[in-house]
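If you read the sequence from its start, that first residue is 1, and numbering goes on from there.
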Amino acid sequence: MKRGHAEILGTHQPEHQRITNLVQSTDQPLPRELKFVDSVSLFRLEERAYDLGLSQRLDPVWVRANAAPDGTHYLWPTLWHSLSHRPDVPCQLRCELLITLRTGDRVRSLLDVLPDDFVPLPRVTSREEGMRVSQRFDRASSVREWLLRQGEGSGRL
């Protein structure tokens, strides 16, 4: 899958309406927008996923301890995900997540995000920035790989 600059869905509907319509059928295309968040927003998204028991998330304690406080982090939607055994939880966007760490390293993970939380996030609008972020995604280690290199093992998540 190619991650490029943010692409806007080819409709004239407001973004929140497009997302709402897409959630009604997971056969619909994903939003093709690269989003960025500061660390406070990342903590909030990880804690919400944790509180809801969503499938793809990191331990919020680990994220707070390791994410750069002034870092910029990126989300790229990869698929719609639903919890069929929990109909009370709406469909989520499963996003690739690029986290900037306190060490200056960048690591990849996955994060399930509710559409209502995804829509208001700022998006990358510059093609050049989108290309740089795409290259960072491609070069970044997974969180597990990074932990193993640090000698911490993946049990820390």
Side-chain angles (χ1 to χ4, degrees), residues 1-7 19 22-23 26-86 89-157:
M1 170 184 340
K2 183 176 174 157
R3 290 178 220 90
H5 69 285
E7 299 171 33
I19 297 289
L22 290 173
V23 172
T26 57
D27 292 334
Q28 295 296 319
L30 288 166
R32 304 317 288 166
E33 295 179 319
L34 177 62
K35 301 283 190 155
F36 65 95
V37 294
D38 60 16
S39 292
V40 171
S41 297
L42 175 62
F43 302 151
R44 188 173 34 250
L45 290 170
E46 288 283 2
E47 287 168 356
R48 181 145 160 92
Y50 183 85
D51 290 345
L52 291 171
L54 302 182
S55 300
Q56 291 297 322
R57 58 184 163 69
L58 294 169
D59 180 341
V61 173
W62 185 89
V63 175
R64 282 191 183 276
N66 289 282
D70 59 346
T72 300
H73 319 282
Y74 297 90
L75 293 160
W76 177 255
T78 60
L79 60 88
W80 286 107
H81 180 69
S82 63
L83 303 173
S84 58
H85 64 288
R86 294 183 52 206
V89 178
C91 286
Q92 309 106 51
L93 288 164
R94 177 154 297 165
C95 297
E96 285 187 86
L97 171 63
L98 184 66
I99 305 172
T100 303
L101 301 177
R102 291 174 186 269
T103 62
D105 295 326
R106 291 186 179 93
V107 293
R108 284 179 289 107
S109 187
L110 295 173
L111 179 59
D112 288 344
V113 180
L114 296 180
D116 287 347
D117 295 332
F118 184 80
V119 168
L121 299 174
R123 66 179 177 244
V124 172
T125 57
S126 156
R127 178 172 169 71
E128 293 76 26
E129 183 181 4
M131 296 301 288
R132 281 193 303 274
V133 173
S134 176
Q135 291 169 354
R136 290 176 190 156
F137 263 110
D138 291 340
R139 288 192 305 258
S141 301
S142 70
V143 172
R144 182 178 187 281
E145 291 166 338
W146 184 83
L147 286 170
L148 290 171
R149 272 201 320 273
Q150 302 301 311
E152 296 182 38
S154 59
R156 302 265 320 189
L157 298 175

If you look at every heavy atom in [X] and [Y], which pair is closest and at what distance?
X    : Y    : value
L98  : R136 : CD2-CB, 3.7 Å
F118 : E33  : CZ-O, 3.8 Å
L34  : G130 : CD2-CA, 4.0 Å
P31  : P77  : O-CG, 3.3 Å
C91  : P115 : O-CD, 3.2 Å
L121 : K35  : O-NZ, 2.9 Å

_Checking R32 against W76 for the side-chain contact (heavy atoms from CB on, under 4.5 Å) test, could you report, in this order, the C-alpha distance in whole Å, the side-chain angles of both residues, the deciding distance, and whether it holds?_
CA-CA 8 Å; R32 304 317 288 166; W76 177 255; 3.0 Å; yes
Once rounded to the nearest 0.5 Å, what's the spacing between atom [atom1] of [X] and atom [atom2] of [Y]?
X    : Y    : atom1 : atom2 : result
L110 : Q56  : CG    : CD    : 4.5 Å
D59  : E47  : CG    : CD    : 10.0 Å
L147 : R149 : CG    : CZ    : 9.5 Å
S134 : D138 : OG    : CG    : 4.5 Å
R48  : D112 : CZ    : CG    : 12.5 Å
S109 : R144 : OG    : CZ    : 12.5 Å

Got a sec, which residues hit salt bridge (Lys or Arg N to Asp or Glu O under 4.0 Å) with [X], two or more places apart in sequence or on another chain?
X    : value
E145 : R108
R106 : none
D105 : none

*Look at atom CZ of F43 and say whether more than 12 heavy atoms of other residues, nucleotides or ligands are closer to it than 6.0 Å.*
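Counting other residues, nucleotides and ligands, CZ of F43 exceeds 12 neighbours.
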*Please report the C-alpha distance between W80 and L30 in whole Å, then the side-chain angles of each, then the deciding distance to 0.1 Å, and finally whether the side-chain contact (heavy atoms from CB on, under 4.5 Å) criterion is met.*
CA-CA 7 Å; W80 286 107; L30 288 166; 3.7 Å; yes
*Determine the interplanar angle of the W146 and W62 rings, folded into 0 to 90°, and report it as parallel if under 30°, tilted if 30 to 60°, perpendicular if over 60°.*
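The rings of W146 and W62 stand perpendicular, inter-plane angle above 60°.
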*asked:* H73 vs L75, test: side-chain contact (heavy atoms from CB on, under 4.5 Å). Steps then yes/no.
replied: CA-CA 7 Å; H73 319 282; L75 293 160; over 6 Å; no
_The test is side-chain contact (heavy atoms from CB on, under 4.5 Å); show your working for E46 and L97 and say whether it passes._
CA-CA 11 Å; E46 288 283 2; L97 171 63; 3.5 Å; yes
*Please name the residue in the list I99, L111, N66 that meets the side-chain contact (heavy atoms from CB on, under 4.5 Å) test with L58.*
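Answer to the side-chain contact (heavy atoms from CB on, under 4.5 Å) test with L58 among I99, L111, N66: I99.
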